[in-house]
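For reference, the structure is listed below as structure tokens.
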Amino acid sequence: ASRKITGMPSPLTATAAWPGVITHYRDRVQITQSVAPVTLLEGNTPLIPAPALARALGQGKAEFELFLKFEASNPTGSFKDRGMTAAITQAVADGAKAVICASTGNTAASAAAYAARAGLQCVVLVPDGKIAAGKLAGALSYGAQVIAINGNFDDGLRMVREAAERAPIALVNSINPARLQGQKTAAFEVVDALGAAPDWLALPVGNAGNITAYWLGFTEYFNDGITSTRPRVLGAQAAGSAPIVHGRVIEKPETIATAIRIGNPARWNEALLALDESDGEITAVSDAEILAAYRQVARLEGVFCEPSSAAGLAGMAKGVREGWLDLDGQRVVAVLTGHGLKDPDTAIKGAAEPVTIEPRIDALLGLLSLS
Ligand code: F0G
């Protein structure tokens, strides 16, 4: 027997507030909308003001307004869910039974989750030993077939492209246009939240799908008169994996920021177009600079992102320090693409070890140094 409990939201009202990005932006997400969206109610992520971090990044040279677009709040902990709801919905509409992707980890976890929800088989190729623990844990838990390759992301992408041509399996990497349709909604959310486009958008660049998608979103709102400006885009690549900065393919990309350990981005040309049209900048930041920004945002703002996500912040610090980035008086949005919990090993490795004590109050009081 069922009983009516007053005051409890029904499943309908509980989800009606935010229906996920396909339904919320249904007139703009250009996919085949012939089937119900495969959604985990992704999107609607917070735009967190970060005044202390802005002061630190300004280094006494610039005062500016900083917001963090915290994409880690998506259901699988990264921005990939925006694109994956669209790609998997399109795959279902197309009658696919299986999906495949290459990934440095987040795409794999996201594809696995949305495929699980849609009842599709999911195969993911990841670089052996170069994927953060939380991403592997996700992909495995959602039930994907995880294949580790003795190669990097670029090798994996080449293989899955060919697999999708030769076998009945849908490719859900960001070369799939549906992915961009979903991911561009982050730009809409930024404008919807601020009431205007920011002056700058800073973000990490790996395979260059996200920079392409943001530019698509801002441009769409701009062309439709919803915003009268578009931001300048600041892209950041890891120094050991910076093909766009150096203008050449990197055969053996390396960086502690494994999410962006990519030497031959699929959306390279689109990234160049976004940088050119926005009068933007792209810069390479060292692993030390990435880790410094990664710790700084956690300690100053209580916001824990994965190392790759901090590359955009590191790029801002570098640009201000070197004098080629004038942020004074500007409004800046930095995209934090993935959650810090994705990569617990990097977090713990770089931190002081916890002190172990006997379970006695004097042992505890002896350790307290309160001011
Ligand atoms: N930040 C994070 C946390 C990522 O996982 C990625 C890409 C990026 C930034 C860069 O975005 O590729 O669109 O330029 N991760 C992909 C993956 C490659 O497989 O999860 P991009």
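Not measured: the values here are computed from a predicted model.
Judged purely by atom type and a 3.5 angstrom limit, Ser241 has no side-chain atom pairing as donor or acceptor with the backbone of Ala238. Judged purely by atom type and a 3.5 angstrom limit, Asp287 has no side-chain atom pairing as donor or acceptor with the backbone of Thr255. With hydrogens and angles ignored, the 3.5 Å screen pairs no side-chain donor or acceptor of Asp343 with any backbone N or O of Gly340. A donor-acceptor contact shorter than 3.5 Å links the side chain of Thr89 to the backbone of Val38. Ser309 contributes a side-chain N or O that, together with a main-chain N or O of Gly338, makes up a donor-acceptor pair within less than 3.5 Å. Not one N or O on the side chain of His246 forms a donor-acceptor pair closer than 3.5 Å with the backbone of Arg248. Judged by distance alone, with hydrogens and angles left aside, the side-chain atoms of Asn176 form a donor-acceptor pair with the main-chain N or O of Ala178 at under 3.5 Å. Without hydrogens or angle criteria, Thr39 side chain to Leu41 main chain gives a donor-acceptor distance under 3.5 Å.
Note that CG of Asp154 is 11.0 Å distant from NZ of Lys252, once rounded to the nearest 0.5 Å. Between the CD1 atom in Ile175 and the CZ atom in Arg179 there is a gap of 10.0 Å [rounded to 0.5 Å]. Atoms OG1 and OH, from Thr229 and Tyr221 in turn, are 13.5 Å apart once rounded to the nearest 0.5 Å. Atom CD of residue Gln33 and atom OG1 of residue Thr23 lie 7.5 Å apart, to the nearest 0.5 angstrom. Taking CD1 of Ile282 as the reference point, atom CD1 of Ile244 lies at 4.5 Å (rounded to 0.5 Å). The line from CG of Leu125 to CG of Asp155 is 10.0 Å long, rounded to the nearest 0.5 Å.
Connection of Phe188 to Met84 is not established within any shared hydrophobic cluster, with ILVMFWY side chains joined at heavy-atom distances below 4.5 Å, either directly or through further cluster members. Residue Tyr142 is not grouped with residue Val146 when hydrophobic side chains (ILVMFWY) are merged at heavy-atom distances under 4.5 angstrom, including chains of intermediate members. Leu275 is connected to Val249 through a chain of hydrophobic side-chain contacts under 4.5 Å among Ile, Leu, Val, Met, Phe, Trp and Tyr, so both are in one cluster. Cluster annotation: Val233 and Leu216 are assigned to distinct hydrophobic clusters (Ile/Leu/Val/Met/Phe/Trp/Tyr, side-chain heavy-atom contacts under 4.5 Å, transitive). Under the 4.5 Å side-chain heavy-atom criterion for grouping Ile, Leu, Val, Met, Phe, Trp and Tyr, Leu120 is not connected to Leu171 through any hydrophobic cluster.
For Asn223, the CG atom is densely surrounded, since the number of other residues' heavy atoms within 6.0 Å is greater than 12. Heavy-atom contacts from other residues, nucleotides or ligands closer than 6.0 Å to NZ of Lys61 number more than 12.
Between Tyr294 and Phe304, the two ring planes are tilted [angle within 30° to 60°].
Side-chain contact between Leu201 and Val335: present, with at least one pair of heavy atoms (C-beta onward) separated by less than 4.5 Å. In this structure, Gln121 and Ile169 have side chains that are not in contact, with every pair of non-hydrogen atoms separated by 4.5 Å or more. Here the side chains of Val332 and Leu234 are not in contact, with every heavy-atom distance at 4.5 Å or above. You'll find the side chain of Thr346 reaches within 4.5 Å of the side chain of Ile256, heavy atoms only. Residues Pro243 and Trp268 are in side-chain contact: their nearest non-hydrogen atoms beyond the backbone lie under 4.5 Å apart. Leu336 is listed as a side-chain neighbour of Val297, based on a closest heavy-atom distance under 4.5 Å. Residues Leu66 and Leu57 meet the side-chain proximity criterion, which asks for heavy atoms closer than 4.5 Å. Within the 4.5 Å cutoff, no side-chain heavy atoms of Tyr214 are placed close to those of Gln183.
A donor atom on one side chain and an acceptor atom on the other are not found under 3.5 Å apart for Arg267 and Ser174. Between Asn264 and Glu251, the side chains place no donor N or O within less than 3.5 Å of an acceptor N or O (distance only, hydrogens not considered). Between the side chains of Lys342 and Asn106, at least one donor-acceptor pair of N or O atoms lies under 3.5 Å. Under 3.5 Å, the side chains of Thr258 and Thr104 contain no donor-acceptor pair of N or O atoms. Side-chain atoms of Glu42 and Tyr114 include a donor-acceptor pair closer than 3.5 Å.
What you find for Val205 and Gly235 is that their closest heavy atoms are CG2-CA, 3.9 Å. Taking both residues in full, the closest heavy atoms of Asp279 and Trp200 are given as O-CH2, 4.5 Å, listed atom of the first, atom of the second, then distance. Ser103 and Pro127 make their closest contact through O-CD, 3.1 Å (heavy atoms, listed as atom of the first residue, atom of the second, distance). Closest non-hydrogen pair, Thr107 versus Cys101, comes out as CG2-SG, 3.9 Å. In plain terms, the two heavy atoms of Val285 and Ala311 that are nearest each other are CG2-O, 4.0 Å. Residues Ile88 and Ala118 approach most closely at CG2-CB, 3.8 Å, considering heavy atoms.
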Q: Take Arg230 and Thr219, measure what side-chain contact (heavy atoms from CB on, under 4.5 Å) needs, and give me the verdict at the end.
A: CA-CA 7 Å; Arg230 291 182 291 182; Thr219 299; 2.9 Å; yes
Q: Evaluate the criterion side-chain contact (heavy atoms from CB on, under 4.5 Å) for residue pair Ser278 and Trp215; output intermediate values, then yes/no.
A: CA-CA 8 Å; Ser278 79; Trp215 193 243; 3.3 Å; yes
Q. Should Arg82 and Thr45 be marked as a side chain to side chain donor-acceptor pair (under 3.5 Å) after you check the CA-CA gap, both sets of side-chain angles, and the distance that decides it?
A. CA-CA 11 Å; Arg82 293 179 186 278; Thr45 57; 3.2 Å; yes
(Q) Working note: Glu71 + Thr337, criterion side chain to side chain donor-acceptor pair (under 3.5 Å); need CA distance, chi angles, decisive distance, verdict. (A) CA-CA 5 Å; Glu71 289 291 280; Thr337 46; over 6 Å; no
Q. Can you list the steps and then say if Leu273 with Asn269 is a side-chain contact (heavy atoms from CB on, under 4.5 Å)?
A. CA-CA 6 Å; Leu273 195 69; Asn269 285 333; over 6 Å; no
Q: Applying side-chain contact (heavy atoms from CB on, under 4.5 Å), run through Gln90 and Gln181 and close with a yes or a no.
A: CA-CA 11 Å; Gln90 183 67 56; Gln181 288 298 313; over 6 Å; no
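Not counting sequence neighbours, the partners of Leu300 by the side-chain contact (heavy atoms from CB on, under 4.5 Å) test are Ala52, Leu53, Ala56, Gln296.
With salt bridges taken as basic N to acidic carboxylate O contacts below 4.0 Å, none links Glu277 and Arg232. Ion pair Arg28/Asp224 flagged as a salt bridge, since at least one NZ, NE, NH1 or NH2 atom sits closer than 4.0 Å to an Asp/Glu carboxylate oxygen. With respect to Arg158 and Glu162, no salt bridge is recorded, no charged nitrogen being found less than 4.0 Å from a carboxylate O. Salt-bridge annotation for Lys135 and Glu306: present, with a side-chain N of the basic residue lying under 4.0 Å from a carboxylate O of the acidic one.
No option in Val191, Asp192, Val190 other than Val190 meets the side chain to side chain contact (heavy atoms under 4.5 Å, CB included) test with Leu194.
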In residues 313-326, what donor-acceptor pairs under 3.5 Å come from side-chain atoms, sequence neighbours left out?
| from | atom 1 | to | atom 2 | distance (Å) |
| --- | --- | --- | --- | --- |
| Lys318 | NZ | Thr283 | OG1 | 3.2 |
| Lys318 | NZ | Ala284 | O | 2.8 |
| Arg321 | NH2 | Glu289 | OE2 | 2.8 |
| Glu322 | OE1 | Trp324 | NE1 | 2.8 |
| Asp326 | OD1 | Asp328 | N | 3.2 |

